[in-house]
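Written out below as structure tokens is the structure these notes cover.
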Amino acid sequence: MDHSAHHTSTARDHTTHEGHHGHTDHAMHHGGQGRASWAMAAKATLHCLTGCAIGEILGMVIGTALGWGNAPTMVLAITLAFVFGYSFTLFAVRRAGLDLKSAIKVALAADTVSIAVMELVDNGIIALTPGAMDAHLSDGLFWSALLGGFAIAFLITTPVNKWMIGRGKGHAVVHAYH
């Protein structure tokens with residue numbers, strides 16, 4: 001979300017920002033700890049899930065196209081999930097004016113736990129779904145296991161993100177740069 005329209009300098013007008021785009025409890029993140037809403041946790045989780053899904057699907061497509069086996073394809077998919085997951089945050093905080101080194105630190109702090117939980121859950125579901133690891137990209141089983149894994153990962157990761165945001169950790173560190 002680009003909030004640059006109401007930021008004219010590096011100083012932030014948090015009073016204006018609080019009610020903007022549904023961030024009614026947004027101000028608590030600027031001070032660190034407080035109550036995190038389920039909506040905010042879901043939004044943070046969806047943000048991470050989007051990057052993870054792009055990276056993971058791209059990795060599966062590349063690995064399959066190159067004729068790789070399950071293990072190297074899964075390693076590529078997980079690696080790309082982290083790369084794309086971090087990149088969404090990295091680009092947002094860079095656009096807000098953070099230097100590259102600081103932006104990388106923020107992205108790592110904001111997304112590592114969320115992406116790790118998501119990847120563990122959705123890849124675990126794929127691995128445990130009978131036949132899913134051997135399914136091809138054209139098989140419904142492959143897509144149902146993958147999309148089902150994403151859905152379950154979202155449901156499991158959202159409370160984790162809520163807990164972290166409420167403690168000023170995870171995605172909460174990004175809000176200082178909105």
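Looking at Asp134, its side chain never comes within 3.5 Å of a backbone N or O of Gly131 through a donor-acceptor pair. Without hydrogens or angle criteria, Ser144 side chain to Leu141 main chain gives a donor-acceptor distance under 3.5 Å. Judged purely by atom type and a 3.5 angstrom limit, Lys162 has no side-chain atom pairing as donor or acceptor with the backbone of Ser37.
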What verdict does the side-chain contact (heavy atoms from CB on, under 4.5 Å) test give for Val106 and Val174, after you've listed the backbone C-alpha separation in whole Å, the side-chain angles of each residue and the deciding distance to 0.1 Å? CA-CA 7 Å; Val106 168; Val174 174; 4.1 Å; yes

Just do the side-chain contact (heavy atoms from CB on, under 4.5 Å) check on Phe82 and Glu119 with the steps written out, would you? CA-CA 9 Å; Phe82 273 91; Glu119 287 302 300; 4.1 Å; yes

I'd like to know whether Leu80 forms a side-chain contact (heavy atoms from CB on, under 4.5 Å) with Ile62, so could you lay out the CA-CA distance, the side-chain angles of the two residues, the decisive distance to 0.1 Å, and finally the verdict. CA-CA 11 Å; Leu80 290 178; Ile62 291 170; 4.3 Å; yes

After noting the C-alpha distance and the side-chain angles of Leu58 and Phe84, does the key distance pass the side-chain contact (heavy atoms from CB on, under 4.5 Å) rule? CA-CA 10 Å; Leu58 184 60; Phe84 278 86; 3.9 Å; yes

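In this structure, Phe88 and His47 have perpendicular ring planes: the angle between them is above 60°, well past the 30° mark.
Looking at heavy atoms from C-beta onward, Met74 lies out of side-chain contact with Thr79 at the 4.5 angstrom threshold. Contact of the Met60 side chain with the Leu76 side chain is not registered, since no non-hydrogen atoms from C-beta on lie closer than 4.5 Å. Side chains of Phe150 and Glu56 form a contact here, defined as non-hydrogen atoms less than 4.5 Å apart. A 4.5 Å side-chain heavy-atom check between Leu146 and Ile126 finds at least one atom pair inside the cut-off. Two residues are said to be in side-chain contact when any heavy atoms from C-beta on lie closer than 4.5 Å; Met118 and Thr45 meet this criterion. With contacts defined as side-chain heavy-atom distances shorter than 4.5 Å, the pair Leu155/Val121 does not qualify.
The closest side-chain donor-acceptor pair between Ser102 and Asp99 falls under 3.5 angstrom.
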